[in-house]
Each structure stands twice: as structure tokens, then as C-alpha cells.
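Data first, discussion second: the structure below is written as C-alpha cells.
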Amino acid sequence: MKMNISAVELFLDPNREPKTDEEPKKKDLACRRAEWNTKTAFKQACSPERPTAYVISSIDIEQLTKLDDLVVDKGVQNEEIELYRLLKGQDGIRLIRAKYGTTGHLKGGVKALLKRADKALLNPKAEGNDRLRACLIAVPEDQFRELWKEALQDDPAGSKDESPISLLAKVEVPKALAERFVGTCKKVELARKLIVLAKEDDNPVLILGDTGTGKELVAKCIHTFGPLRRGPFVPVNCGAIPSELLESELFGYIKGAFTGATRDKVGLWQSAQNGILFLDEIGELRLDHQTKILRAIQDHKVRRIGEQKETPVNARVIAATNRDLPSMVHSGQFREDLYYRLRWFVISTPRLQDNPENVALLAKAFWAKITGNSNWTLPPDIISELQTYRWPGNARELKSVLAHLYAVFHNIVPRHSLNAKHLRGVFRLLGQAAAIEPDELPADELSRHAVECLRHLLEAQDLILAFRNAFQRVLKSKTEPKALKNVHRTMRHHMLELERLCQQPLLFHGKSTFGIFEGLIEKLSHFDDLLFSVPVDAVTYWRSIIDDHLDSALDAVFHERDWLMKGV
């Protein structure tokens, strides 16, 4: 049985150092993080050598109560009865819904419980039912969050994996989504988890990625697996529609609005009512079109050409581009307000050349669709050959090459005879460069790395501006709870992006630059916590601490970029 539960393990540690020099060394309460993904893992955790209490969030109670062969639900804590008496016993792992005003009171109650259990365990005269090995204590989500953070400080070893994937450990990806958006690398896994989060929202999504990395597939997955799946999915290629026709295509027109308008026309935006409007290649839009799109997103209304009244529309907007939008914003080619309105939720699609482990899996999936025969597998030498190519056109190029391989050879070469030489023939036929061997790369490897660093630094620079934009929204919100909740959600998405960037420290080029961004994670996390609890203190903390740190980060990025540009 699969499960997805995070817990804080509380136990008495005989080696724990006293908090003050005067305090004698004795058993004190220690805590660390725990996660259970299977029933087996849960059973193993709940058979400890020492008395242990596992604190869980109340939102996970339902998962545990399904294990009625293991868990005994004791209901809500009766404050008049000692915790130990409620939880002791050997008839299963006991679960109680605790009522404590603070985490300090919670820890005090658990400490008393464990001391009593420890004493009973060492007493040979104690009866079996007086002994306690493990118990479950459910608390409200906010208390659990606070204790979870304490556990991170208490157990430094448990803080090593704070990657975006680990932060989203509770996000379950449906099997159908994993089969549709294929890949095994962490970036693909992260994209799938973000799709799961994005599908339940109703704000705009911005999908960033190179040509052929599956941006439209991501948009379709948000539609297919989300609540708007019964509504239409309307794709618009902003780069393919002539500029003079874009407005009439998007917003529609009425009869007589211009020469040739012989009838009323409903625009694509209105056609996406109660569904999703996918604006692909949004970086190709003219500034005047950007203005009208921003207004439609903000007002949820469109006005057809030639019509005076506006028509309400309820369509979620998903935009995508392979352009460098931050640079376009800085150069005045793209509206800053539209950019930050779109990037409410960002999903990046990874390049195939950065994740060669995905090539084999994608090739097998594409080949099965192309041939219509899942039993016809690609031979190992073709897979190996595919993995040596850099795939500048990403998954789309891979699919095209395999489609040509099948089209050219399936009628003239027996299945068992298809091999790498036929693949090389297709490469030559398409005019594509042959696969490059590793020993041929050193001449331009440093230059390629410099380009990768520049791309990485541009992303980091953009993220700093995004954080500052989010802070401006805090000031405008006047601490109104609903507005702060939206800002809090945006900050969490930006934090995930920052975590992703810090997973590649060498691409910051300078060690000191990476150190600045790594330190930014902790400071922004603290700001986010304050924003969640004491917004006024969050604003003070930003102005006194974070603003200067962001300036230092920007200075470091500019310095690294200038240095790299001299060598590229």
C-alpha cells in the first residue's frame, strides 16, 4: 500500500547536550524528520527500540486510519486524562488528536509521556500494557509546520536534501500523467509535480523552455488532469498569426467592423470559455497586443472589434515561450506588468541534451506510438547512438528522426535487422550533424559551459526581480489576508525556482556568487514564515535584511556576466 506522510519523530536522547552550562547532562527531548511512503516503512518505524512519539499533521489522519489493522484511533485528547494513560497499551499503534496551544506545550506533554514510558520499559515488574513503544499524535497543520522546522534545526543531517523534489514530497503524480509526460530526470519529475499543483489553481501559468521540450504537452496535461478538463483547450500560436490579424482572431469582431467583416465572429478567447486558452510563443507579441492581453487577463472581459460593450469570459490563460522574456523586459520589448502577471506559476521544461537519461525512455515511447506496435522495440545499438547526439531540437527532433527511420526503412528492412547504420543514414538524409563523440569536444567545451553559465545567471537575475515584484504586492495588499495568501503562494513558487538554480552550483560560475544565492534561501524562507504569521515584521525584515542581500546578489550576477562575456 502506498502512502505519503511526513512526521516529526520525538524521542529522549541520552547524549543530547544541555542548553546551559548549569544544566546537568541528562536525557532530553530530540526531534528529527521522518517520511513514510509505504505501509512497510510505517510498520518498521513504529517498532522502535526506544519509546517514540510521531507527530503528524491532522491532514494526514485519513491515510493512517485506513490502516485499521495497525492503528488504533483514540479520538480527540481528553485534557483531564494524562497523555500516557491514553496512549499506553499493546493493541496496535495508538493515534490521538492532541489539543495544545503551542508547540512548546506539545513538546512538554510528549516529554512527560516518553519519560514515563522509558521508566516503564526499564522496570521488569511493569506489565505489558503499561509499556509504550510508539504512538501517533496528530496536531493542526500550522503546529506541525513549526515543529517540522524545529526538526530541521535539531537534526542538521536531515537538512541535506532540501531540493524542490523533496519539498514537494507530498505531491502525488497520477500514473496517467507520468505515462504522458515521460522522463526519469529530476527536472521532469519536478515539472510533473508542478503540473499537479498548477491544475488545481485558476491563475495564469507561464511555461518556459526551448523549442521541442514539450511546453504544449505540459499545458494539455494541466487541462486534461485538472477541473477544467470538460471545457475546451484552445491553442493559439502567437508567432504564426499575422500581427494585423491577431486581435480579430483572439477577440473576434462584429459584422461591418471593417472591410470583409460580413458576419459576426467569436474570438478564440471567448471560444475557450470555461476551459483553457493556451497562448504559445507569447514572446512574439507586439507591445500593443500585449497591452490588450493584459487587460483581458485582469478584467476577465474581452471586447470584439467594432463592439462597444465588453463580454465576460471565464478562461484560464496558460502562456509559453522559448524566448528570454526577462531580457526582453529589460530592453522594453515585453511589458513588465504582463510578464509578472503571467509568471504567477512557472513551469520549466528541461532540454534533452541536459538530461540524456531521458533519451532512451522517450525513444521507446515514441517508437511504440510511431509503429503502433509496443512489441517492436528499438535495438540497443540504436538507443546507444541516439544517446550520443546532442538533440538541439529536443524531444520534437527525436520524434521526427524516429518517424523518418520508420518511414524510410520499415518496408525494406526486417525488424530484427534494423541497426545504428540505418539511423546514421536518416541523420544524413535529414541533413543533421552526426552524433559527436566525447573525445571530439574539448575545443569548444569551455565556451559551451560559459554559455550555460550565462543562461543560468540570467535566470538568477530574473528571479531576484520576481522576488522584489512579489514584495511590492505585499506593500499594496495592506496585509489583507486573501491578498497575502496569494503572495505567500507566489513566494513558495519562486523559492522552488531558487532551489532548482542552486542545485547546479557550478553554473553560478563563481563560488562566492553561489554562496550569496544559497544564503538567500534561508533569508527568504524566514521572510515567508513571517509573512504567514506576522506580516508587519515580514516587511521590516525585508527592508533591513533581504533588500541588501538582493542587491549583493544582483551585483554578483552582473560581475560574473561581464567576466564571462569577455570570453564568449
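- Within 6.0 Å of atom NZ in K399, 12 or fewer heavy atoms from other residues, nucleotides or ligands are found, so the atom counts as exposed in its surroundings.
- Using cut-offs of 30° and 60° on the angle between ring planes, the pair Y389 and F427 is tilted.
- Counting only distance, with no hydrogens or angles, the side chain of D280 and the backbone of T321 share no donor-acceptor pair below 3.5 Å.
- Between the side chain of R229 and the backbone N or O of G226 there is at least one donor-acceptor pair closer than 3.5 Å.
- Taking all atoms of both residues into account, the shortest heavy-atom contact from A407 to H410 is O-ND1, 3.8 Å.
- Distance alone, capped at 3.5 Å, places no donor-acceptor pair between the K265 side chain and the I254 backbone.
- A 4.5 Å side-chain heavy-atom check between L279 and L250 finds at least one atom pair inside the cut-off.
- The aromatic rings of F514 and F508 sit tilted, their planes meeting at an angle between 30° and 60°.
- Contact annotation: the side chain of H559 never approaches that of L554 to less than 4.5 Å [non-hydrogen atoms, C-beta and beyond].
- Contacts of K301 classified as side chain to side chain contact (heavy atoms under 4.5 Å, CB included), with partners at least two apart in sequence or in another chain: D299, E310.
- A salt bridge between R295 and D337 is absent, with no side-chain N of the basic residue lying under 4.0 Å from a carboxylate O of the acidic one.
- Between the side chain of H456 and the main chain of L501, a donor-acceptor pair closer than 3.5 Å is present.
- The minimum heavy-atom distance linking S348 with A191 is given by the pair O-CB, 4.0 Å.
- One finds the CD1 atom of I347 at 4.0 Å from the CD1 atom of I222 (value rounded to the nearest 0.5 Å).
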- Checking salt bridge (charged side-chain N to carboxylate O under 4.0 Å, His left out) for the pair D462/R343: CA distance, chi angles, key distance, verdict? CA-CA 11 Å; D462 171 49; R343 65 160 295 148; 2.8 Å; yes
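- In this structure, the side chains of Q461 and F558 come closer than 4.5 Å at one or more pairs of heavy atoms.
- Between I382 and P379 the shortest side-chain heavy-atom distance falls below 4.5 Å.
- By the 4.5 Å heavy-atom criterion applied to side chains, Y406 and F366 are not counted as neighbours.
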- Query: side chain to side chain donor-acceptor pair (under 3.5 Å) between N469 and Y339: does it pass, once the steps are laid out?
  - Reply: CA-CA 11 Å; N469 183 269; Y339 172 60; over 6 Å; no
- Does the pair R455 and E459 meet the rule for a salt bridge (charged side-chain N to carboxylate O under 4.0 Å, His left out), with working shown? CA-CA 6 Å; R455 180 197 295 267; E459 286 191 65; 6.0 Å; no
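- Heavy atoms only, all atoms of each residue included: S271 and P232 are closest at O-CG, 3.3 Å.
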- Please step through side chain to side chain donor-acceptor pair (under 3.5 Å) for the pair R304 and S248, ending with a clear verdict. CA-CA 7 Å; R304 293 190 294 177; S248 62; over 6 Å; no
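- Residues P350 and N355 share a closest heavy-atom pair of CB-ND2, 3.4 Å.
- Put simply, the side chain of H422 never gets that close to the backbone of L418: no donor and acceptor are under 3.5 Å apart.
- Listed for the D60 side chain is no donor-acceptor partner under 3.5 Å among the backbone atoms of I5.
- Between the R396 side chain and the T213 main chain, no donor and acceptor come within less than 3.5 Å of each other.
- By the 4.5 Å heavy-atom criterion applied to side chains, L338 and I297 are counted as neighbours.
- Side-chain contact between V539 and F471: present, with at least one pair of heavy atoms (C-beta onward) separated by less than 4.5 Å.
- In this structure, a donor-acceptor pair under 3.5 Å is present between the side chains of N322 and T211.
- Interatomic distance, I282 CD1 to M328 CE, rounded to the nearest 0.5 Å: 10.0 Å.
- Within a 6.0 Å radius of CD in E200, more than 12 heavy atoms belonging to other residues, nucleotides or ligands are found.
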- Decide yes or no on salt bridge (charged side-chain N to carboxylate O under 4.0 Å, His left out) for D288 and R335, but give the supporting numbers first. CA-CA 10 Å; D288 57 331; R335 288 186 61 110; over 6 Å; no
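- In this structure, I276 CD1 and N274 CG are separated by 11.5 Å, a value rounded to the nearest 0.5 Å.
- Between atom CZ of residue F467 and atom NZ of residue K523 there is a gap of 13.5 Å, rounded to the nearest 0.5 Å.
- Taking CD of E249 as the start and CD1 of I241 as the end, the distance is 5.5 Å to the nearest 0.5 Å.
- Residues A315 and A272 share a closest heavy-atom pair of CB-O, 3.4 Å.
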- Evaluation steps, side chain to side chain contact (heavy atoms under 4.5 Å, CB included), between L398 and L386: CA-CA 8 Å; L398 172 61; L386 291 171; 4.0 Å; yes
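- Using a cut-off of 4.0 Å between Lys/Arg side-chain N and Asp/Glu carboxylate O, D547 and R468 are scored as salt-bridged.
- Atom CZ of R341 and atom CG of L294 lie 8.0 Å apart (nearest 0.5 Å).
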- Starting from the C-alpha separation in whole Å, work towards a yes-or-no answer on side chain to side chain donor-acceptor pair (under 3.5 Å) for Q333 and R323. CA-CA 11 Å; Q333 296 174 281; R323 300 284 298 274; 5.1 Å; no
- Test log, rule side chain to side chain donor-acceptor pair (under 3.5 Å), inputs T184 and E357: CA-CA 7 Å; T184 57; E357 64 269 37; 5.3 Å; no
- Task: Check the pair L465, Y340 against side chain to side chain contact (heavy atoms under 4.5 Å, CB included), reporting the backbone distance first and the verdict last.
- Result: CA-CA 10 Å; L465 298 176; Y340 286 111; 3.0 Å; yes
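- Among all heavy-atom pairs drawn from G214 and F181, the shortest one is O-CE1, 4.1 Å.
- Considering only heavy atoms from C-beta on, V474 stays 4.5 Å or farther from W542 through its side chain.
- Between the side chains of T224 and R180, a donor-acceptor pair is found at a separation under 3.5 Å.
- With H289 contributing its side chain and L285 its backbone, the two residues share no donor-acceptor pair below 3.5 Å.
- H330 contributes a side-chain N or O that, together with a main-chain N or O of P326, makes up a donor-acceptor pair within less than 3.5 Å.
- A distance-only check finds a donor-acceptor pair linking the side chain of R316 to the backbone of N203 [under 3.5 Å].
- For H404, the NE2 atom counts as loosely surrounded, since its 6.0 Å shell holds 12 or fewer non-hydrogen atoms of other residues, nucleotides or ligands.
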- Apply the test side chain to side chain contact (heavy atoms under 4.5 Å, CB included) to residues T311 and R303: give CA-CA distance (whole Å), side-chain angles for both, the deciding distance (0.1 Å), then the verdict. CA-CA 6 Å; T311 303; R303 178 182 293 167; over 6 Å; no
- Residue pair F278, V236: steps toward the side chain to side chain contact (heavy atoms under 4.5 Å, CB included) verdict: CA-CA 6 Å; F278 177 53; V236 182; over 6 Å; no
